[in-house]
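Numbers restart at 1 for each chain; the letters A, B, ... are given by sequence-line order, proteins then strands.
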Amino acid sequence: MLDIKLIRSNPDYVKEGLKKRNSKVGIDEILKLDEERRSLIAESEQIKSKQNADSKQIPILKKEGKDVSAIMSEMKQLAEKTKLLDVQVKEIDDKISAILLTIPNIPNEKVVYGESDEDNVEIRKYGEPRNFSFEPKPHWVIGEEKGILDPSAAGKVTGTRFTFYKGMGARLERAIMNFMMDVHSNEHGYTEVLPPYMVHRNSMIGTGQLPKFEDDAFKVYGTDFFLIPTAEVPVTNYHREEILDAKDLPIKYCAYSACFRAEAGSAGRDTRGLIRQHQFNKVELVKFADPKNSYEELESLTNDAEDILKKLDLPYRVVRLCSGDLGFTSAMTYDIEVWMPSYGKYVEISSCSNFETFQARRAGIKFKRNINDKPEFVHTLNGSGLAVGRTTAAILENFQQEDGSVTIPEALVKYMGTEKI
RNA sequence: GGAGAUGUACCCAAGUGGCUGAAGGGUCCGGAUUCGAAAUCCGGUAGGUCGGUUCUGCCGGCGCUAGGGUUCAAAUCCCUACAUCUCCGCCA
């Protein structure tokens with residue numbers, strides 16, 4: 001959510017920023033409503049001030065034995081008037097916030113204009129895609145041949161875009177999860193969190209999944225809960241409606257969770273394999289940072305995610321998303337893309353973003369520099385550290401051998417208890 | 001799922017319709033005492049948010065878990081929701 005005061009005081013800056021996203025939103029309408037709102041508030045508060053002063057007289061006059069019926073009936077009229085005004089203010093408030101909730105974040109100035117992921121800017125590359133001396137198989141073929149991935153059983157039990165992992169496949173997924181959590185909590189200084197997998201509507205609004213993207217989420221029938229699309233939602237909302245202490249910043253959490261996405265609108269894409277599932281595992285990194293150094297925190301968060309790929313010897317590159325590919329809530333995002341032989345290209349495995357105050361304002365997450373200072377909104381950041389299913393896929397594909405086996409990256413051997421599968 | 005209790009500021013806590021935006025503690029800040037400190041004593045502040053403004057201040061609205069309602073007037077009465085605790089039931 002953008003700051004209404006920013007829109008009020010500098011509408012051209014806001015419009016300019018949103019133009020990058022080709023977003024046509026009602027800034028002018030907001031300005032009009034805002035003005036209307038403030039004039040109604042002024043009127044209502046003036047009356048209330050009189051009400052408060054005058055009704056204090058009532059008990060005093062009563063005590064003196066005077067007649068208060070005249071003043072009481074006058075107060076009644078005032079009360080009716082303010083009630084009416086307050087209803088109008090509420091209506092306008094609702095309209096304003098409904099619009100505000102659908103306005104995307106303003107991109108950081110470093111974010112270049114672009115239409116699609118084609119225009120993303122490559123920042124750096126690590127490792128080289130392997131030259132296979134044989135025809136490499138896609139991970140879904142490896143998975144089927146080795147009996148470690150079974151999407152058709154999941155189709156029978158649940159439906160499309162679900163997978164059973166089995167035997168060494170299930171163990172590999174679990175090994176990767178544990179490895180990632182250990183690295184982030186032991187080496188990178190994140191506090192481990194295991195969050196709820198369901199959240200209520202306000203949490204989804206807080207991190208920006210709602211109200212605009214309700215079709216992408218799974219709603220739990222008969223409740224007001226949503227299945228989390230990412231641990232970002234519960235973990236960021238962990239500090240909702242709080243005022244944090246500046247000396248505790250940055251606060252850093254890592255969380256494993258299953259993630260649930262309806263994937264509305266991606267019918268026919270990535271239909272095979274682990275790339276696009278309704279349910280997948282992910283380790284998420286979340287930071288609450290001082291606005292003064294949040295972009296440094298974004299760099300280090302991205303590095304923390306990259307470190308996993310380095311330790312696993314997987315080739316990857318980092319791109320900065322252009323405005324057209326940037327998520328609704330983000331001011332700036334680095335995608336980390338791992339080399340996926342079956343796709344013949346780099347595929348997203350992590351998305352690391354700085355939301356600046358966009359989520360903090362929605363979720364009410366503030367901090368104070370000093371005890372007597374006014375609270376300010378924190379900057380929230382997050383990134384996958386990493387998507388586990390896609391990591392499994394990348395390992396199966398990148399480390400497959402001609403004889404059909406898959407060697408296990410050194411760092412995972414102790415978690416797997418074997419050097420190859 | 002059933003029954004009951006509770007929800008007041010940073011923490012504890014008083015308060016059943018009007019002079020209570022909130023007693024009293026604690027915390028915190030300043031001072032006295034002391035070589036210094038502890039203890040003690042004196043004094044002071046009370047969070048947040050939305051408006052206005054002649055803007056490092058001042059004025060006003062809201063605000064006693066949240067949302068509604070009754071009333072000229074609500075922390076106080078009524079309704080709903082949520083959370084916490086205790087007991088019962090069920091259960092990994």
What's the gap between [N] and [M] when it is taken at their [atom1] atoms, as a whole Å value?
N	M	atom1	result
B:rC12	B:rU6	C1'	15 Å
B:rA83	B:rG21	C1'	25 Å
B:rA23	B:rG15	C1'	8 Å
B:rU54	B:rU65	P	37 Å
B:rG43	B:rG51	C1'	34 Å
B:rU16	B:rA74	C1'	11 Å
B:rC64	B:rU20	C1'	11 Å
B:rA13	B:rG17	C1'	22 Å

Any side-chain N or O of [X] under 4.0 Å from OP1/OP2 of [N]?
X	N	answer
A:K76	B:rA73	no
A:N52	B:rG61	yes
A:R38	B:rG52	yes
A:K366	B:rG48	no

Between A:D34 and A:K90, which residue's closest nucleotide on RNA chain B lies nearer the 5′ terminus?
A:D34
Would you kindly compare A:A42 and A:M75 by the position of their nearest RNA chain B nucleotide and give the one closer to the 5′ end?
A:A42
Starting at atom [atom1] of [X], determine the distance to atom [atom2] of [N], rounded to an integer number of angstrom.
X	N	atom1	atom2	value
A:E241	B:rG48	CD	P	15 Å
A:E242	B:rG47	CD	C1'	15 Å
A:I60	B:rG18	CD1	P	13 Å
A:I41	B:rG61	CD1	P	14 Å
A:L61	B:rC72	CG	P	17 Å
A:F225	B:rC82	CZ	P	9 Å
A:E45	B:rU49	CD	P	16 Å
A:R201	B:rG67	CZ	P	18 Å

[X] and [Y]: aromatic ring centres closer than 6.0 Å?
X	Y	answer
A:F260	A:F280	no
A:Y346	A:Y316	no
A:H200	A:F225	no

As a test of reading the structure: which of B:rG51, B:rC72, B:rG47 is closest to the side chain of A:R37, going by heavy atoms?
B:rG51
Side chain of A:K368, heavy atoms from C-beta onward: which of B:rG48, B:rU70, B:rG18 has the nearest atom to it?
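Of the candidates, B:rG48 comes closest.
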What nucleic acid atoms does [X] come within less than 4.0 Å of, heavy atoms only: base, sugar-phosphate, or nothing?
X	value
A:S49	sugar-phosphate
A:M72	base
A:K50	nothing

Among A:E297, A:E232, A:E299, the one residue meeting salt bridge (charged side-chain N to carboxylate O under 4.0 Å, His left out) with A:K287
A:E297
Counting only N and O atoms by type, is there a donor-acceptor contact under 3.5 Å from the side chain of A:H184 to the main-chain atoms of A:G385?
yes
Do side-chain atoms of A:R37 reach the backbone of A:K90 as a donor and acceptor pair under 3.5 angstrom?
no
Any strand counts, and the cut-off is 3.5 Å on both contacts for Watson-Crick or G-U wobble. Which nucleotide pairs with [N]?
N	answer
B:rA75	none
B:rU8	B:rG15
B:rG63	none

Please state whether the base of B:rG60 and the side chain of A:K48 form at least one donor-acceptor pair under 3.5 Å?
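Not at all, since no donor on one side and acceptor on the other fall under 3.5 Å apart.
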Between the side chains of A:N108 and A:Y295, does any donor sit under 3.5 Å from an acceptor?
yes
Partners of A:F218 by ring-ring contact (aromatic ring centres under 6.0 Å, His included), sequence neighbours excluded?
A:H278
Option from A:D28, A:V14, A:I96 for which side-chain contact (heavy atoms from CB on, under 4.5 Å) with A:I7 holds
A:V14
Regarding A:K219 and the six-membered ring of A:F226, is the cationic atom NZ or CZ under 6.0 Å from the ring centre and inside 45° of its axis?
yes
Where along residues 1-10 of chain A does a heavy atom fall under 4.0 Å from RNA chain B?
A:K5, A:R8
